[in-house]
Each structure stands twice: as structure tokens, then as C-alpha cells.
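Heads up: the structure comes next, in C-alpha cells.
Small disclaimer: the values here were computed from a predicted structure and weren't measured.
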Amino acid sequence: RDDKVALNQPNASSGSANQPPEKGRMIASILIIEDNIFDAQILHARMKSQWTEVTVARSLEDGLLQLQKKVPDVILLDVGLPGYPEPDDVIAAVKEVRNEMTAIVVVSGNDDPDAITRALLAECSGWILKGRWELLALEVRACYDNHRHHVRRRQQNREIRARLEAQIR
């Protein structure tokens, strides 16, 4: 489909090895997994001004294929995808192929506290409600920064634990 092809291309303005990205742009990549074309277009438009590489997948399967090619810094994940009645199933599928440094941020029209709690317990970095588009870039950036901070702390804790264990032996 034409809409998929156009959205599935990384940002044309991402900069190259010889040319740095525009000022204020994150040097990071983002994968948007969203089946609704209108939401996908809004997410893409909001993210392309903040991130050096933005790719859109219109299904979970397409998103998983994209993740096999390149693991992004952030995954914006719609958990209401066709064929997956439970948000937990979508999150679990994505978690299997991402690496620890990749932040998963759920974008959903659902504001059910139980679903949000389960997503956060499943190590998602945030839950953003659809429709609050004006704050989207800031919220994604905050989730990304928070995720990176927690990953660094976990790595530091592992290193400290390993040094202590080595001293005990």
C-alpha cells in the first residue's frame, strides 16, 4: 500500500555520516508499531522532528520484522492491534526481540489503570494516551531518558555486585 510505503521510510532529513542532524534532534531511532493509518501518520509527524530515524510498522508482524533488521532506541507500541486481544501479548512479543537498551512506550486510547500497571510491571517505560498529541514528543523523550537512566543504574548495580562477589571469593 502507498501509505505504508511512504510511512515505512526512515526520515529523509536524518542527516548522514558527513552531516550532523539538525539542532535539537535526538540522535536516536524510533519504531512506531501502529495499525491505524491516521494515528500512524500523526505519530510519525510528531516524532520526525525530534528523532533522527523514524520507521512505522502497520502490524505487529511487520514490527517484529523491523526489529530483526535493526533494534531502535524507542518502540512506540499500540497495544490494541488486530489479532491480539490482550495488551500483555503484544508487549511480550516485542520484549522477546528488543534489547535491554530499547525503551518500550505504549501508545493507547485505553486508560484502564490495570492495563497500565501490567504494562509498567512488564518493563514498559511509559503509557501515553492517544489524543494528547501536543505533548507526545516531550512524553516520549521523558520515557526514553528515564529508561536509559534505569538501564545505566542496573548495569552499575551488576558491576558492583560482581566486584563484591569477587572480593568475597
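A salt bridge is absent between E123 and R118; no separation between the charged side-chain nitrogens and carboxylate oxygens falls under 4.0 Å.
L129 and I91 fall within a single hydrophobic cluster, where Ile, Leu, Val, Met, Phe, Trp and Tyr are joined by side-chain heavy atoms under 4.5 Å apart, directly or via other members. Following chains of ILVMFWY side-chain contacts shorter than 4.5 Å, one cannot reach L31 starting from V151, and the two form parts of different hydrophobic clusters. Side-chain heavy atoms closer than 4.5 Å link hydrophobic residues (I, L, V, M, F, W, Y) into clusters, and following such links, even through other members, never connects L77 to V71. A single hydrophobic cluster is seen to contain both L120 and I104, as judged by linkage of ILVMFWY side chains at heavy-atom distances under 4.5 Å, directly or through other members.
A distance-only check finds no donor-acceptor pair linking the side chain of S125 to the backbone of A103 [under 3.5 Å]. At least one donor-acceptor pair closer than 3.5 Å links the side chain of S29 to the backbone N or O of D73. Judged purely by atom type and a 3.5 angstrom limit, K48 has no side-chain atom pairing as donor or acceptor with the backbone of V54. Formation of a donor-acceptor pair under 3.5 Å by the H44 side chain with backbone atoms of T55 is not found in this model.
The minimum heavy-atom distance linking P82 with D35 is given by the pair CD-OD2, 3.3 Å. Heavy-atom minimum distance, L67 versus P72: CD2-CD, 3.3 Å. When all heavy atoms of H147 and E100 are compared, the pair lying nearest together is NE2-O, 2.9 Å. Between V56 and A40, the shortest heavy-atom contact is CG1-CB, 3.9 Å. Here the closest heavy-atom approach between residue A57 and residue D62 is recorded as CA-OD2, 3.5 Å. Summarising the geometry of A115 relative to N110, their closest heavy-atom pair is CB-ND2, 4.1 Å, with the distance given to 0.1 Å.
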For side chain to side chain contact (heavy atoms under 4.5 Å, CB included), just list the numbers for R58 and E34, CA-CA rounded to whole Å, side-chain angles, deciding distance to a tenth of an Å, and then say yes or no.
-> CA-CA 5 Å; R58 296 277 312 286; E34 170 62 66; over 6 Å; no
Pair E86-V79, side chain to side chain contact (heavy atoms under 4.5 Å, CB included): steps then yes or no:
CA-CA 8 Å; E86 293 297 320; V79 291; over 6 Å; no
Worked verdict on R152 versus E159 for salt bridge (charged side-chain N to carboxylate O under 4.0 Å, His left out)
CA-CA 11 Å; R152 281 193 295 274; E159 291 169 5; over 6 Å; no
I would like to know whether L136 and M47 meet side chain to side chain contact (heavy atoms under 4.5 Å, CB included); could you show each step before the answer? CA-CA 8 Å; L136 182 69; M47 294 296 101; 3.7 Å; yes
Item to complete: Would you please test Y144 and V105 for side chain to side chain contact (heavy atoms under 4.5 Å, CB included) and show each step?
Response: CA-CA 8 Å; Y144 173 71; V105 179; over 6 Å; no
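Heavy-atom neighbours of R153 CZ from other residues, nucleotides or ligands within 6.0 Å: at or below the threshold of 12.
Rounded to the nearest 0.5 angstrom, S59 OG and I33 CD1 are separated by 8.5 Å. Atom CG of L121 and atom CG of D114 lie 10.5 Å apart (nearest 0.5 Å). Atom-to-atom distance recorded for R158:CZ and Q156:CD is 10.5 Å, nearest 0.5 angstrom. Considering CH2 of W51 and CZ of R141, their distance stands at 7.0 Å, rounded to 0.5 Å. For the atom pair R46 CZ and L138 CG, the distance stands at 10.5 Å (nearest 0.5 Å).
Checked against side chain to side chain contact (heavy atoms under 4.5 Å, CB included), L60 has the following partners two or more places apart in sequence or in another chain: L64, L81, Y84, V90, A93, V94. Every residue two or more places apart in sequence or in another chain was checked for a side-chain hydrogen bond (donor to acceptor under 3.5 Å, both in side chains) with D112, and none qualifies.
Between the side chains of N146 and H150, at least one donor N or O lies within less than 3.5 Å of an accepting N or O.
Side chains of L76 and L43 form a contact here, defined as non-hydrogen atoms less than 4.5 Å apart. Looking at I30 and V140, their side chains come closer than 4.5 Å, going by heavy atoms from C-beta outward. Within the 4.5 Å cutoff, the side chain of Q66 has no heavy atoms near those of the E61 side chain.
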